[in-house]
Asker: 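Before I ask anything, here is the structure I am working with.
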Amino acid sequence: MASPWNIAAPNGAPGRPVPFPGVRARADVTSGQAGIELCSLADWEDRLDRYLLQDALTASIAQVLAAAGVDPFRKGSGFAVVGLVTGLVKLSEREYRHIHFLPSVAAALRAQLANALELYLSLYAPYARYGVITTGQRCQVSEVKHRVVQLDRKVSRWHHEICMPLGIDVHFRGVELPCDEAVTFHVHANVIFNPTRHLRPREWRRFLRQTRAFFGAHWKDNGKLEGVREAVKYVMKRDDVLRLAALHPAVLVELYHQLRGLHLVQPLGGFRDWRHALADLNQKIVPIHEHDGRKLVAVQFPPPRPRDDTQANAGDRLPASNRILCICLPRALFSPWKEPVALV
């Protein structure tokens, strides 16, 4: 299906993708956002308490995995975060791997995806809808991988066999795994879709009829999407993960192995193509705060610098020292006011 943002060149040559018409330079965003007050001091302190609790819970769950021989960290020595205005430092920390049920990881991945999807839908699919597809009765942890794989394939078939012939694009699929006290999982997925052209009433009725026949009782149309976070949810609720870590650590470790390598949260269709175009142009969607409130914009980042892989002789090496990895856009990390931060 053609993407709506492939704009043809005047001479008829293939169009260069234009993911967002008002791209801002990184330097402009840095200077414009530095010093912005994100919220009151009381709200910022509440926000900080939530983040500290989330980090502590993530560390405790990571310890359960590590005790079972699963390394929850990415390779590397970690980094410290330094505020370039306050001079305050968040001590060195290692990055967690993309394990979707670690609370800190889940929150970061959800925010990044939801921001991009929110902007995309506002530009190209303002009347998007969302549905829920289940896989039947609850299952044991040993069945989770099979259920997720089958669900992924079924959504893909539905997209190509039923949606595409009617001009309906599917933009997103996200798996959820609620776990009850009996340690059984309800495997289901949220999907976001929208027609790319006007559908006559009989065509829409045909779509609903075919979709119900394809999924049976395991399909529910939830109507027009009011906000992306209705559908872009956490793979697992934090309380469910904590209960497994405390009472059933072996099940949590088995769940890690069941989910390893699976695409649990997946951009599809035009939204996937748009994200690829952003990456090709080295642009990122970030939230900014201005006089009229929060908004999402595309920021143009400079091209990545080539990595220097040259190895010095042992006698020529300098003593180990701090090294600046990058300068990040302003964040309200150490106070309610945004400031640029460095990763060291």
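Numbering starts at 1 and runs along the sequence shown. This structure is a prediction, so every number in the text was calculated from the model and none was measured.
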Asker: Around atom NZ of K154, are there more than 12 heavy atoms from other residues, nucleotides or ligands closer than 6.0 Å?
Answerer: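 Yes.
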Asker: Run the salt-bridge test on K338 and E290 with the 4.0 Å N-O cut-off and return the result as yes or no.
Answerer: no
Asker: Identify the heavy atoms of Q140 and V183 that sit nearest to each other, and give their distance.
Answerer: OE1-O, 3.9 Å
Asker: Closest heavy-atom contact between N190 and E176?
Answerer: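 Closest approach of N190 to E176: ND2-OE2, 2.8 Å.
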Asker: Is the shortest distance from a Lys or Arg side-chain nitrogen in E339 or R331 to a carboxylate oxygen in the other one below 4.0 Å?
Answerer: no
Asker: Backbone N or O of R24 within a donor-acceptor pair of the D28 side chain at under 3.5 Å?
Answerer: no
Asker: Under 6.0 Å from the ring centre and within 45 degrees of the ring axis: does the NZ or CZ of K90 meet both conditions for the six-membered ring of F334?
Answerer: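 The answer is no, since K90 fails at least one limit relative to F334.
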Asker: Honestly curious: do Y234 and V228 fall in one hydrophobic cluster under the side-chain, below-4.5 Å linking rule?
Answerer: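 Each belongs to a different hydrophobic cluster.
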Asker: Does any N or O in the side chain of Q300 come within less than 3.5 Å of the main-chain N or O of A25, such that one atom is a donor and the other an acceptor?
Answerer: no
Asker: Taking atom CZ as the centre, does R229 end up with more than 12 heavy-atom neighbours from other residues, nucleotides or ligands that are less than 6.0 angstrom away?
Answerer: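 Result for CZ/R229: enclosed.
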Asker: Ring-plane angle category for F207 and W158, please: parallel below 30°, perpendicular beyond 60°, tilted otherwise.
Answerer: tilted
Asker: Can you label the angle between the Y124 ring and the Y120 ring as parallel, tilted or perpendicular, going by 30° and 60°?
Answerer: tilted
Asker: For the side chain of W44 and the backbone of S335, is there at least one donor-acceptor N/O pair under 3.5 Å apart?
Answerer: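 Confirmed, W44 side chain pairs with S335 backbone.
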Asker: Is a salt bridge present between E143 and R138, judged by a nitrogen-to-oxygen distance below 4.0 Å?
Answerer: no
Asker: When you compare the side chains of D55 and S104, does any donor N or O come within less than 3.5 Å of an acceptor on the partner?
Answerer: yes
Asker: Are K295 and D292 within salt-bridge range, i.e. N to O under 4.0 Å?
Answerer: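 Salt bridge flag = yes for D292 with K295.
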Asker: Please indicate whether E45 has more than 12 foreign heavy atoms, meaning atoms of other residues, nucleotides or ligands, lying under 6.0 Å from its CD.
Answerer: yes
Asker: Should we say atom CD1 of I324 is surrounded by more than 12 heavy atoms from elsewhere, each under 6.0 Å from it?
Answerer: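 Check fails, neighbour count at 12 or below.
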Asker: R94 side chain to R74 main-chain N or O, any donor-acceptor pair under 3.5 Å?
Answerer: yes
Asker: For W204 and P195, which heavy atoms make the closest approach, and how far apart are they?
Answerer: CZ3-CG, 4.3 Å
Asker: Under 3.5 Å, side chain of N282 to main-chain N/O of P302, donor-acceptor pair present?
Answerer: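 Yes.
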Asker: Could you tell me whether H263 atom NE2 has more than 12 heavy atoms of other residues or ligands within 6.0 Å of it?
Answerer: no
Asker: Would you find a donor on one side and an acceptor on the other, under 3.5 Å apart, between the side chain of R173 and the backbone of V265?
Answerer: no
Asker: Using only atom types and a distance under 3.5 Å, with no angle test, would you say the side chain of E95 pairs donor to acceptor with the backbone of K75?
Answerer: no
Asker: Where is the tightest heavy-atom contact between G270 and H171, given as atom of each residue plus distance?
Answerer: N-ND1, 4.2 Å
Asker: For A128 and N194, which heavy atoms make the closest approach, and how far apart are they?
Answerer: CA-CB, 3.7 Å
Asker: Would you say the rings of H98 and H100 are close, in the sense that their centroids are separated by under 6.0 Å?
Answerer: no
Asker: With distance as the sole test, does R157 use its side chain to make a donor-acceptor pair with the main-chain N or O of F214 at under 3.5 Å?
Answerer: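 It does not hold such a pair.
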Asker: Specify the closest pair of heavy atoms between V64 and P249, including all atoms of both residues, with the distance to one decimal.
Answerer: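 That closest heavy-atom pairing would be CG1-CB, 3.7 Å.
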Asker: Please report whether the ring centroid of F271 lies less than 6.0 Å from that of F172.
Answerer: no
Asker: State whether the number of non-hydrogen atoms from other residues, nucleotides or ligands found under 6.0 Å of R97 atom CZ is greater than 12.
Answerer: yes
Asker: Any salt bridge linking D240 with K237? Criterion: basic side-chain nitrogen under 4.0 Å from a carboxylate oxygen.
Answerer: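 No, D240 and K237 are not salt-bridged.
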Asker: Less than 4.0 Å between a side-chain N and a carboxylate O, is that true for R200 and E203?
Answerer: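 Yes.
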Asker: With a sphere of 6.0 Å drawn around OH of Y51, does it hold more than 12 non-hydrogen atoms of other residues, nucleotides or ligands?
Answerer: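 No, the 6.0 Å shell around OH holds no more than 12 heavy atoms from other groups.
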Asker: Tell me, please, whether F301 has K284 positioned over its six-membered ring: NZ or CZ under 6.0 Å from the ring centre and within 45 degrees of its axis?
Answerer: yes
Asker: Show, in sequence, the C-alpha distance, side-chain angles and deciding distance for H218 and T134, and conclude whether the side chain to side chain donor-acceptor pair (under 3.5 Å) test is met.
Answerer: CA-CA 5 Å; H218 306 310; T134 69; 3.3 Å; yes
